[in-house]
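Residue numbers start from 1 in every chain, and the chains themselves are labelled A, B, ... in the order their sequence lines are given, proteins ahead of strands.
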Amino acid sequence: MSAGPLATFESSLDELGVDLAQTTSDQFESTLVPLLNAPAVGAQLPFENVSLPDTVETDPTVQELEKAETGVTAAGYGIADYGSVVIQGGPEGKEPVSLYADKHVAVIAASDVLPDMDTTFDRLAEDIRNDTGQAIIATGPSATADMGALVKGAHGPMDVTVVLLGDR
Amino acid sequence: MSVDNRQQKAERIRHLLDTEGDNVHENTQVFNDGRYESTAHLDDYDRLKDEARAIKEDAIERLPELLDQVTEAVETNGGTVYLADDTADANRYITEVAGGRNVVKSKSMTSEEIEVNESLEASGADVWETDLAEFVLQVADEAPSHIVAPAIHKSRKEIADLFNVYFDPEEPLETAEELTQFAREYLGEKIRDAEVGMTGANFITADTGTLALVTSEGNARKSVQATDTHIAVAGVEKLVPTIEDLQPFVELIGRSGTGQDITSYISLFTPPSDSPTFGEEGELGPGDDRDFHLVLIDNGRMEMREDDQLRETLYCIRCSACANSCANFQHVGGHAFGGETYSGGIATGWEAGVHGQESAAEFNDLCTGCSRCVNACPVKIDIPWINTVVRDRINHEDATEFDFLVEGLTPDEEPGGMDLQKRLFGNYATLAKLGSATAPISNWLAGTKPVRMLMEQFMGIDRRRDLPKFRHETLRKWFKTRGGSRVSPADAKREAVLYPDTYTDYVQVERGKAAVRALEALGVSVQIPEVASSGRAPLSQGMIETAERHAHEVYADLAGHIDAGQDIVVIEPSDLAMFTSEYEKFLADESAERLDNNSYEIMEYVYGLLENGASGRELRGGDGEEVAYHSHCQQRTLGLEAHTVAVLSELGYDVLTSETECCGMAGSFGYKREYYELSMDVGSELEAQFQAEDARNRTVVASGTSCLEQLESLLERSSQHPVQLVDPAK
Ligand code: SF4
């Protein structure tokens, strides 16, 4: 992956007010820990040798889910032009974990940052045809303007942070 | 329309202007400005629009095939597809599936269309809208006033008051944050307790059975995730062939509607979803035995598909750009500008198709045909044309058995039962001819109180609006008297036919004279032959057959001139728009194209002459004169505003352009009693700008007749056409 999409991704995230933490697999845990507001919940990460610290509850009850301050999940890929992350739901619980906590931390491999919507849809089509039941193109926090002013965190998270694994 | 109806309509509009107008205005304006900004950032906006349109054209063409395909895909995934014929059929099925269990819903206009909440509630289910705007409306027991932001007409204060009375919270709610937080918690509980989640779908891919939902709040995701049964409701027109086909829409829909590059969530669900769900004991249990039902609703859509005029409505992706860009909508909102379910520009097409003409008739007149929505629509639907077609059908529906009595007395092709007011405006050309022949008596008569009262009573012409004064010496008579063109064809750089539109010929004669002299100063030999009126007037009243006849006559009158290499120069922008847009529908392709290719707006033509080396020395220069210029809405749609500004600037005028695109008058609209106040309300923005400090002393110029008339009534200064500024005789 050339530096192009990554630089674009970075500036798109910046425009959205989404924090970006760049790290490597080795440094992952030390990068993640300061980003966690307790209590934290998570869904297992699919990256080899990268795992969530014990303080993150990966098998939460409904109550724990709703009480969670932070939810950590992997993102299938990112879209540089838009600063979006694609959350592919499934039995491991990425969908609820990314949706209920006040803050969502999305972990993504640098090589999965795609330049634009066109490339993204080629990937999405392939994934969906191979049985990925759910893909959410998530861009920034959830929001509403229905109550007379723009408010973040309508039903979903009000804060999003992206952790980028530079060596992946 | 009867006197009483007219009165009632005027009152209702006045009421909405007072109560909802400000909120709607503020919010739609934000959306519309956002659209301009966001689409400007797209590299290839036009290519994306073409792509989006092509996908919809193809999908609607192949709809039966796609329906089979999606059924197979969904069933293979483990879900069920139900094709509902109509509202009752859909509700019966959905209620049966829900089986009295509690339902949480995310926003879906299609579910509003079938009013599913009522039938679910009748079966004993608790139904909650989880979209915050829909939640507000549910509590207020009101109908949506906008297809994307249904509670756009309510202010924060009104919502706070509503919630404080209805829920009686310990601490009164006040800020938008507090209101949102309260709703989130209240609905969070409802979501936890519900077993059925209902969503709509913005798109459905036939190949994989994937639903695409365009949302911002996260409630649609929760409604699906937290429940055991997912029912998705969508019109059959939402099908697109493949996943890849979603791409242009995903890039266009948010930008077109709310001006966001993309909304927070574009959810692609290929149900049944296997995300963990909320189990019995407060556990997050496996979600792999979710039940999924896709309810595809026909409700008139298959018939629309067969209807050559209404078919395009099915390409609509419900982005709301047409509503947001509509000046009338911006001022009065969807409670006036909408039918049983849909509101805004394309709502006429939807209402006529799914609820019938009667529902569309209520608000169809509010489309003035200004065409501002045309460039806003991401699938390039000619929305004003659909409005015109429906207007025409309504005219014909009103016809009665006594038609033959009036039929012979009017010079049009229309049935006798048609609204008298519409008929009057539709036959404006005949009226002008008569008025001019009998001027100044006709003007004097038309200006007297008793006549104005009669006109108001019988034809709904508002007394407060000045009527145009017909001139006894028409432009053509003047031209003949002076001996034709002062530049002979032999000495001319070019030869032009100046199109004598009804207004220029009979009313705005001065702008015609100025145009002749300006053209001659640039070395053009001018002719003003007798040419039929364009048909704009009858078209805007929905008198399509009459307009079509005019189109043929105009072409017959002009074809020979085009053959002879002469250019057609048009002063009135709304007439030029007829030639270049609507005539496509009336003339053979080749003829329409020829007329289009050889017709120019007067200032566009002057611009072209100057660019090609003509000297502007003989035109009257500005010498720094400060002018305030208002372009015409159809002229802007055609991309012709810039030419006038360029010519005036080049000739030394200091030009300030109007920020508002619409003057609010749009032809006959502002004359009509029931719409007079709305017209003035829309015009107030233009008035404010041109009365502001930096514009107060500027000379006012406008290209369109109706804009000139509106400006004259809004401002204390008189206004003129830009060609009159540069008139060498001045
Ligand atoms: S007609 Fe076009 S602009 Fe209007 S809602 Fe439909 S897609 Fe959007």
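Heavy-atom pairs under 4.5 Å with chain B were tallied for A/T139, A/L16, A/D131, A/L150; the largest tally goes to A/T139. Between chain A and the options B/T130, B/T277, B/L211, the largest number of non-hydrogen pairs under 4.5 Å is found for B/T130. In terms of heavy-atom pairs under 4.5 angstrom with chain B, the leader among A/G89, A/G148, A/A125 is A/A125. Top candidate by heavy-atom pairs under 4.5 Å with chain A, chosen from B/E244, B/K222, B/Q260, is B/K222. Ranked by heavy-atom pairs shorter than 4.5 Å toward chain B, the options A/R129, A/E64, A/K152 are led by A/R129. Note: A/P96 leads A/P96, A/G93, A/P60, A/P141 in heavy-atom pairs under 4.5 Å with chain B. Taking chain B as the reference chain and counting heavy-atom pairs below 4.5 Å, the highest number among A/P91, A/A149, A/P157, A/G140 is found for A/P91. For chain A, the option among B/K154, B/R192, B/E283 with the highest count of heavy-atom pairs below 4.5 Å is B/R192.
Neither the backbone nor the side chain of A/Q88 comes within less than 4.5 Å of any heavy atom in chain B. Contact annotation for B/T258: neither backbone nor side-chain heavy atoms come within less than 4.5 Å of a heavy atom of chain A. Proximity to chain B (any heavy atom under 4.5 Å) is restricted, for A/L65, to the side chain, taken from C-beta onward. With a 4.5 Å cut-off on non-hydrogen atoms, B/Q225 touches chain A through its side chain but not through its backbone. B/A133 touches chain A through backbone and side chain together, each having a heavy atom under 4.5 Å away. With a threshold of 4.5 angstrom between heavy atoms, A/I87 approaches chain B through side-chain atoms but not through N, CA, C or O. In this structure, chain B has a heavy atom under 4.5 Å from the backbone of A/T132, while its side chain stays farther away. Contacts between B/S155 and chain A at a heavy-atom distance below 4.5 Å are absent for every atom of the residue. For a residue to count as touching a neighbouring chain, one of its non-hydrogen atoms must lie under 4.5 Å from one of that chain's; by this rule B/L179 touches chain A with backbone and side chain alike. Of the atoms belonging to B/N23, not a single heavy atom falls under 4.5 Å from chain A. Of the two parts of B/T210, only the side chain, counted from C-beta on, holds a non-hydrogen atom closer than 4.5 Å to a non-hydrogen atom of chain A.
Distance check: A/L124 CG to B/L268 CG gives 6.0 Å after rounding to the nearest 0.5 Å.
Minimum heavy-atom separation, A/P34 to A/S30: CD-O, 3.0 Å. Minimum interatomic distance between B/Y265 and A/S142 (heavy atoms only, all atoms of both residues): OH-CB, 3.3 Å.
Atom CD of A/Q44 has 12 or fewer neighbouring heavy atoms from other residues, nucleotides or ligands inside a 6.0 Å radius.
Electrostatic pairing of B/K107 and B/E217 does not count as a salt bridge here, judged by no charged N lying under 4.0 Å from a carboxylate O. Salt-bridge check for B/E26 with B/R156: failed, with every basic side-chain N at 4.0 Å or more from each acidic carboxylate O.
Put simply, the side chain of B/V139 does not reach to within 4.5 Å of the side chain of B/Y186, judged on heavy atoms.
You'll find the ring centres of B/F278 and A/Y100 inside the 6.0 Å limit. The ring of B/F163 has its center closer than 6.0 angstrom to the ring center of B/F135.
In this structure, A/R168 fails the cation-pi test against A/F47, since its NZ or CZ atom is not both closer than 6.0 Å to the six-membered ring centre and inside 45 degrees of the ring normal.
By the salt bridge (Lys or Arg N to Asp or Glu O under 4.0 Å) test, A/R123 pairs with A/D112, sequence neighbours left out.
Below 30°, between 30° and 60°, or above 60°: for B/F269 and B/H230 the angle between ring planes is above 60°, a perpendicular geometry.
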